[in-house]
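Data block below; observations after.
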Number of protein chains: 2
Amino acid sequence: MHKMNNKNKTFIDKLRSSGLRPTNQRVEISKFLFNRKKTFHFTVEELKNSMNLKRSKKISTATFYNTVHALKSAGHLKEFSLENNTSYYDTNITSHHHFFDNGKVIDIKSDKITFQKLPEAPKGKKIKNVEVVIRLENNN
Amino acid sequence: MHKMNNKNKTFIDKLRSSGLRPTNQRVEISKFLFNRKKTFHFTVEELKNSMNLKRSKKISTATFYNTVHALKSAGHLKEFSLENNTSYYDTNITSHHHFFDNGKVIDIKSDKITFQKLPEAPKGKKIKNVEVVIRLENNN
DNA sequence: ACATACTTTAGAATAATTATAAAGTAGTTA
DNA sequence: TAACTACTTTATAATTATTCTAAAGTATGT
């Protein structure tokens, strides 16, 4: 039994609140995802490659998928899709919006977009969230 | 050489302007997609199944994908993605928005949503389009 | 230490999509 | 029409992202 430092605390909490025991692999993934100043956008494949590159003992694909899924289901990651049949995840789970620029994703803070008019939800339904995607192209 | 009726004209034009010769298969697909009053949302798999169900001679998967792609590239179809790694297409190519309700898609006319505030595009970029997705959930 | 339950992993399975290459069809030209 | 060329269709293989499976490993409570 070793002492746990504060840095790791947060990641471990996210794992626990996702119903996951904090195993070594999961702690490393969680640390990699959340131990950063800026929002991080990634696909599971990208995450796996960048983490495994520097490791002698690789973490398996299934573990990456399982961990990312659990974190997402618990609300610690946000999922979104581009037009390439791949799931992207965002460590910024606060309500916000995105610029899409040729596959590159840039966050837009929620307060940068406000609505003058929004439609009513159909009867029996209510609005869960509103997401705006602003597609960019080059000036010429 | 047979006379072409007006109904077919539109579909054939869409094919030609997509760089596709109007073969039988393509004309039938184009007709199926565009000969309808309401906007049509579909995946290639759904399109294939619903068209091939009533046919003795099936149209191949590759032809569906090729035709849909060309129509999309030419701007006759709009592509969008949900969180299930499948491409959806929309015969409504005018700028508009969507409700997503458990995988079901409902169009929102462009004028139903207006903005009070929108961010500037990053330098060197300009805004190509703005798309809003309103996710729904059941009341209570 | 034991038992039970949860994890990891490699590899198989699946689903959506794209690529390939052979056979078919259309359009053009002589 | 005959011949030629270019474009199409198709079945099938290949690819990519993801999920499933089952065996071996690890953790936690008693």
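Each chain gets a letter, A, B and so on, in the order the sequences are listed, and its residues count up from 1.
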- [ ] Can you sort out which residues in residues 84-92 of chain B have a heavy atom within less than 4.0 Å of DNA chain C? Ascending by number, please.
- [x] B:Asn85, B:Thr86, B:Ser87

Open item on the list: Run B:Lys125 and A:Asn138 through side chain to side chain donor-acceptor pair (under 3.5 Å) and show every step you take.
Closed with: CA-CA 4 Å; B:Lys125 303 289 177 180; A:Asn138 290 327; 2.5 Å; yes

Task: Flag side-chain contact, heavy atom, 4.5 Å: A:Ile134 against A:Ile113 - done: yes

- [ ] Whole angstrom is fine here: how far is it from CZ in B:Arg21 over to P in C:dA26?
- [x] 9 Å

Open item on the list: Of all nucleotides in DNA chain D that come within under 4.0 Å of a heavy atom of chain B, which is furthest toward the 5' end and which toward the 3' end?
Closed with: D:dC7 to D:dT18

- [ ] Taking only heavy atoms on the protein side, list every residue of residues 55-67 of chain A lying under 4.0 Å from any atom of DNA chain C, sorted numerically.
- [x] A:Lys57, A:Lys58, A:Ile59, A:Ser60, A:Ala62, A:Thr63

Task: Rounded to 10 degrees, the angle between the two terminal axes of the helix from C:dA1-D:dT30 to C:dA30-D:dT1, each from five pairs - done: 20°

Task: Any donor-acceptor N or O pair under 3.5 Å, side chains A:Ser87, B:Asn85 - done: yes

- [ ] Would you indicate, yes or no, if C:dT9 has its OP1 or OP2 atom less than 4.0 angstrom from a side-chain nitrogen or oxygen of A:Gln25?
- [x] yes

- [ ] Round to a whole Å and report the spacing from CD of A:Glu28 to C1' of C:dT8.
- [x] 14 Å

TODO: With B:Lys78 as the cation and B:Tyr89 as the aromatic partner, state whether NZ or CZ is under 6.0 Å from the six-membered ring centre and within 45° of the axis.
DONE: no

- [ ] Please state how far atom CZ in B:Arg26 lies from atom P in C:dA26, giving the value in whole angstrom units.
- [x] 12 Å

TODO: Taking the side chain as every heavy atom from C-beta outward, state whether A:Lys31 and A:Ile29 have any atom pair closer than 4.5 Å.
DONE: no

Task: Min side-chain heavy-atom separation A:Phe42-A:Asn49 under 4.5 Å - done: no

Please list every donor-acceptor pair under 3.5 Å in which a side-chain atom of residues 59-72 of chain B meets a protein atom from a residue at least two apart or in another chain.
| residue | atom | partner | partner atom | Å |
| --- | --- | --- | --- | --- |
| B:Ser60 | OG | B:Thr63 | N | 3.3 |
| B:Ser60 | OG | B:Thr63 | OG1 | 3.2 |
| B:Thr61 | OG1 | B:Lys48 | NZ | 3.1 |
| B:Asn66 | ND2 | B:Ala62 | O | 3.2 |
| B:Thr67 | OG1 | B:Thr63 | O | 2.7 |
| B:Lys72 | NZ | B:Glu79 | OE1 | 2.9 |

Task: 4.5 Å side-chain heavy-atom contact, B:Phe40 and B:Asn92 - done: no

Open item on the list: Nearest whole Å is fine: how far is C:dT14 P from B:Glu45 CD?
Closed with: 15 Å

- [ ] Starting at atom CG of A:Asn52, determine the distance to atom C1' of C:dT9, rounded to an integer number of angstrom.
- [x] 12 Å

Open item on the list: Listing request: all salt bridge (charged side-chain N to carboxylate O under 4.0 Å, His left out) pairs with a residue in residues 103-119 of chain B, at least two apart in sequence or in separate chains.
Closed with: none

Task: Which residue lies more 5' along DNA chain C, comparing B:His69 with B:Thr23 via nearest heavy atoms - done: B:His69

- [ ] Quickly, which of B:Val133, B:Val132, B:Ile106 forms a side-chain contact (heavy atoms from CB on, under 4.5 Å) with B:Phe99? Name it, please.
- [x] B:Ile106

- [ ] Please check if the distance between the ring centroids of B:Phe115 and A:Phe115 is under 6.0 Å.
- [x] yes

TODO: Mind calculating the distance between CD (B:Glu46) and P (C:dA15) to the nearest angstrom?
DONE: 15 Å

Task: Any side-chain donor near an acceptor of the partner, A:Thr91 and A:His76, under 3.5 Å - done: no

TODO: Rounded to the nearest 0.5 Å, what's the gap from CZ on A:Arg55 to OG on A:Ser50? Could you check?
DONE: 11.5 Å

